[in-house]
Each structure stands twice: as C-alpha cells, then as structure tokens.
Undergrad: 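Before anything else, here's the structure in question.
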There are 2 protein chains.
Amino acid sequence: MTRDRVVEVALELLDSEGPAGLTMRALGAKLGVAPTAIYWHVGDKAALLEAVVDHITADVGEVHVGGVEPLERICSTARSLRHNLLERPYLVAVVHHQGRTAEIFRPARLVLAREFAASGLEERDAALAGEAVLHHVIGSVLIEQQVARAPEQRQPPEPSIEPGELFEFTLDALVRALTGC
Amino acid sequence: MTRDRVVEVALELLDSEGPAGLTMRALGAKLGVAPTAIYWHVGDKAALLEAVVDHITADVGEVHVGGVEPLERICSTARSLRHNLLERPYLVAVVHHQGRTAEIFRPARLVLAREFAASGLEERDAALAGEAVLHHVIGSVLIEQQVARAPEQRQPPEPSIEPGELFEFTLDALVRALTGC
DNA sequence: ACCTGAACACCGTTCAAGT
DNA sequence: ACCTGAACACCGTTCAAGT
C-alpha cells in the first residue's frame with residue numbers, strides 16, 4: 001500500500017468500470033483494504049482524482065513528433081495527440097470534470113507553436129494556428145467518442161464518414177490554410 | 001406540478017448550482033414537494049436528465065443563419081452555434097454525460113452541409129467540411145470554458161489570446177481552406 | 001390521480017480506536 | 001506509521017399508505 005499503488009489501481013478501476021465505478025469503497029475493495037485507508041495515503045476523493053489526472057496528463061503529454069518539414073511535424077503531432085486522447089475511453093470526461101483540459105495540451109501546444117513558427121508564421125500567428133489545431137483535435141475526439149457510445153441515435157451523423165478519414169481530411173485542409181500553402 | 005414545470009425548475013437548478021447541485025432532493029425542495037413526487041411526473045433521474053437535455057437540444061438547435069453568400073452564412077452559423085453553447089455554463093458537460101453531443105449539432109450540421117454544397121462542393125465533401133466546422137466550434141467552446149474555470153493554472157495557455165478573436169481567426173482560415181477560396 | 005413517509009442500498013468522510 | 005470500524009450526512013429509489 002503506497003500512494004502510487006492506490007493511483008495505479010484507481011486508473012485500472014476507471015478504465016474497467018468508468019467514472020461512476022471509481023468509488024472509494026470499490027477502490028478499497030480492489031486494494032484489499034478498508035475504504036478509509038485510502039484517506040491516509042492520498043487524501044480525499046478530490047485529491048485522488050487530481051493524482052489520477054496528473055498521471056493521465058503525463059501520458060497524454062507524450063506526443064510523438066515525426067517528419068522533417070514543419071507541415072508534416074504539425075500533422076504528426078496532431079495525430080499523436082488524437083491517438084493518446086482516444087486511448088482511454090473516459091479520459092476527456094474525467095479531465096474536463098477536473099477543469100484541466102487546457103493543461104493536458106501544453107506539450108502539444110508548445111510543439112505546434114514552434115513548428116508553425118518554423119513554417120514561416122510570426123510568433124503570435126503561430127500561437128493562434130497551434131491553438132486552432134488543438135481545437136480541431138479535441139473537437140474530433142469528443143464527437144467521435146460520443147458517436148461511438150450514443151444511445152439509440154435515430155440516424156448516424158452523416159452517411160458513413162469514418163472518423164479517422166474525417167480527421168485527416170480536415171486536418172490537412174486546416175493546416176494548409178494556416179500555413180498558407 | 002406538471003412535468004414541464006419540473007423540467008423547468010431542474011434547468012434553473014442546473015444553471016444556479018451546477019450538475020452536482022441538481023439532486024432529486026434539492027429539486028423537490030425548490031418545487032415545494034417531497035423528492036419522491038418527482039418520480040410520478042418524470043420518472044427517475046435518468047429520465048429527468050433526458051428531458052433536461054431534450055430542452056437544451058431544442059435551444060442549441062436554434063441557430064441563426066445570416067448573410068447571403070454561402071461563406072458568410074457558414075460563418076454566421078458557426079458563430080450562432082458557439083453563442084448558444086456558451087450561454088449555459090454546464091451545457092457541454094451535461095449533454096456529453098448523456099451521450100448526446102452529436103445530436104445537439106444536427107440542425108447546424110444540416111445548414112453547414114447545405115451551404116458548403118451551395119459554395120460549390122460536392123455532397124460528400126460538403127458533409128466533411130461541415131463536420132470540420134462543427135469540430136472547430138465544439139473544440140473552441142470546450143477549451144474556452146475550461147480556461148475560464150481552470151483551477152490554479154500555473155500560466156495562461158498563451159499570452160493574452162482573447163477567445164472570441166481566436167475563434168474568428170481560425171474559423172476564417174478553416175472555412176476559406178475548405179471552400180478553396 | 002397525485003403526493004407523503006419510511007425505508008433501503010449506496011455514496012464520501014471523520015475520527016476514535018486499535019496495532 | 002498505518003489501518004479498521006462505527007458513525008454521520010448525503011445520495012437515488014421503492015413502495016405502502018394516505019388523500
């Protein structure tokens with residue numbers, strides 16, 4: 001029983017049971033310990049969620065930047081970020097609930113601003129362009145996840161648009177527009 | 001005490017106290033009635049939330065489309081949608097929790113696809129372009145709201161980028177890229 | 001038809017008490 | 001230092017009982 005172990009098991013519980021399943025009692029049971037023992041190691045549930053999101057933030061921050069020219073590096077950063085966000089099903093909801101959505105984008109934000117600057121934009125425009133790409137990524141992921149677990153949606157959003165294809169199509173148009181190619 | 005009255009007061013409670021404050025007990029108290037009376041009119045809390053989101057969906061769906069040429073109509077639709085989404089602070093979170101994010105975009109989606117088609121794109125490309133604009137709107141709103149109520153964010157996302165300005169900048173670039181102007 | 005009250009199973013949390 | 005158990009205030013929900 002260490003703080004790291006508690007957070008680790010909390011993440012497992014989150015992945016398997018969802019946010020509603022992550023209760024102090026269930027977590028205690030999975031740790032083989034009384035629920036109240038958690039309070040000694042990590043504090044209350046707010047502190048636990050902070051720690052969980054700390055871990056998630058670190059994971060999401062590890063964006064893989066490939067390619068050599070700025071345009072390709074921008075696109076690969078966006079793809080990597082999207083991939084990281086789609087990995088954990090409840091990631092966006094939990095991070096949003098903690099009010100830390102802006103925070104998890106920091107590493108990608110820095111890369112994007114740098115690469116847009118390298119593509120010829122001046123500092124402020126590069127920052128704006130980077131933010132635009134982030135908006136596109138989070139918007140895509142949010143809607144993709146929602147469409148996936150929609151209730152009995154009367155009809156699919158559009159006749160057979162595959163999410164990945166849609167993402168690539170739009171990313172390409174957006175980045176070309178922002179860099180002025 | 002009618003079903004509509006219950007939903008109406010539930011929306012008030014949601015706006016004033018947030019999602020955590022919307023409890024059957026608090027709702028009963030505000031209605032001057034026992035919490036269990038709600039069950040007779042609207043069913044359980046899941047049914048209540050469905051009804052609340054029904055109402056929100058109708059509100060968000062009322063997008064104002066201005067201008068005459070397609071490009072201006074697309075931008076004004078996006079602005080109107082953004083405005084509607086920003087109006088209620090907990091809208092995005094509640095709708096997302098109900099798994100109905102894709103649904104609230106339906107009216108705007110139809111308008112956007114139609115206008116992109118009018119601008120010269122063929123049907124499928126018009127649908128893709130419309131979806132891209134929706135991604136941009138939801139992404140912008142999500143991050144804007146999060147930055148607004150971030151905890152003790154160490155530093156603001158970027159040196160003084162006003163959200164509205166950022167939205168306009170990116171929307172313009174995106175739409176011009178998609179329509180090929 | 002409409003509402004109340006008691007009751008139940010579940011939360012998060014505190015705190016004295018154990019080792 | 002680390003954990004347990006009982007207890008408390010809060011949830012959503014059911015259901016018999018009232019009018």
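Everything numeric in this text was worked out from a predicted model, so none of it was measured. Every chain is numbered from 1 and lettered A, B, ... according to where its sequence line falls, protein lines coming before strand lines.
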Undergrad: Any luck finding a side-chain donor-acceptor pair between His135(B) and Ser140(A) under 3.5 Å?
TA: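 Distance-only check passes for His135(B) and Ser140(A).
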Undergrad: Does the side chain of His55(B) come within less than 4.5 Å of Glu8(B)'s, by heavy atoms?
TA: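 When only atoms from C-beta onward are counted, His55(B) and Glu8(B) do not touch, as no gap falls below 4.5 Å.
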Undergrad: Let me know the distance between CG of Leu49(A) and C1' of dG12(C), rounded to the nearest Å.
TA: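 Interatomic distance, CG of Leu49(A) to C1' of dG12(C): 12 Å.
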Undergrad: Measure CG/Leu22(A) against C1'/dC11(C) and give the value in whole Å, please.
TA: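 Computing the Leu22(A):CG to dC11(C):C1' distance gives 13 Å.
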Undergrad: May I have the distance from Leu27(B) (atom CG) to dG12(D) (atom C1'), rounded to whole angstrom?
TA: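 Computing the Leu27(B):CG to dG12(D):C1' distance gives 13 Å.
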Undergrad: Provide, to the nearest angstrom, the distance between the OH atom belonging to Tyr39(B) and the P atom belonging to dC2(C).
TA: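 That distance rounds to 19 Å.
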Undergrad: Pick the closest DNA chain D nucleotide for Arg25(A) and for Ala37(A) by heavy atoms, then say which residue is nearer the 5' end.
TA: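 On the 5' side of the pair lies Ala37(A).
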Undergrad: Apply the ring-ring contact (aromatic ring centres under 6.0 Å, His included) test between His136(A) and each candidate in Phe105(A), Phe167(A), Phe169(A); give the one that qualifies.
TA: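 So the option named by the test is Phe167(A).
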Undergrad: For atom CD of Glu62(A), decide whether the heavy atoms of other residues, nucleotides or ligands shown that lie under 6.0 angstrom number more than 12.
TA: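 Atom CD in Glu62(A) is not packed in, count stays at 12 or less.
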Undergrad: With DNA chain D as reference, determine whether Pro35(B) or Met1(A) sits nearer its 5' end, using the nearest nucleotide of each.
TA: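 Going by which nucleotide is closer to the 5' end, it is Met1(A).
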Undergrad: Would one find a side-chain N or O of His41(A) under 4.0 angstrom from OP1 or OP2 of dA1(D)?
TA: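 Result: no.
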Undergrad: Using a heavy-atom cut-off of 4.0 Å across all strands, would you classify Ala34(B) as base, sugar-phosphate, or nothing?
TA: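 The answer is sugar-phosphate, as Ala34(B) gets under 4.0 Å only of primed atoms, P, OP1 or OP2.
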Undergrad: Where the side chain of Val33(B) is defined as all heavy atoms beyond and including C-beta, which of dC3(C), dT14(C), dG12(D) is the nearest nucleotide?
TA: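 That would be dC3(C).
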Undergrad: Mind calculating the distance between CG (Leu13(B)) and P (dC11(D)) to the nearest angstrom?
TA: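 From Leu13(B) CG to dC11(D) P: 11 Å.
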Undergrad: Is a side-chain N or O of Ser80(A) found less than 3.5 angstrom from the main chain of Thr77(A), in a donor-acceptor match?
TA: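 A pair under 3.5 Å: no.
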Undergrad: Could you tell me which nucleotide pairs with dT19(C) by Watson-Crick or G-U wobble geometry, both distances under 3.5 Å, or answer none if nothing does?
TA: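 Result: dA1(D).
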Undergrad: Please report the distance, rounded to the nearest Å, between CH2 in Trp40(B) and P in dT13(D).
TA: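 Between P of dT13(D) and CH2 of Trp40(B): 18 Å.
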Undergrad: Asp44(B) CG to dC8(C) C1': how many Å, rounded?
TA: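 To the nearest whole Å, that distance equals 17 Å.
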Undergrad: In whole angstroms, how far is the P atom of dC11(C) from the CG atom of Leu48(A)?
TA: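 Rounded to whole Å, this separation is 14 Å.
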Undergrad: Base of dG12(D), side chain of Thr23(B) - is there a donor-acceptor contact under 3.5 Å?
TA: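 Under the 3.5 Å cut-off, the side chain and the base do not form any donor-acceptor pair.
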Undergrad: With a 3.5 angstrom cut-off on both distances, give the Watson-Crick or G-U wobble partner of dG12(D), or none if there isn't one.
TA: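 Pair assignment: dG12(D) / dC8(C).
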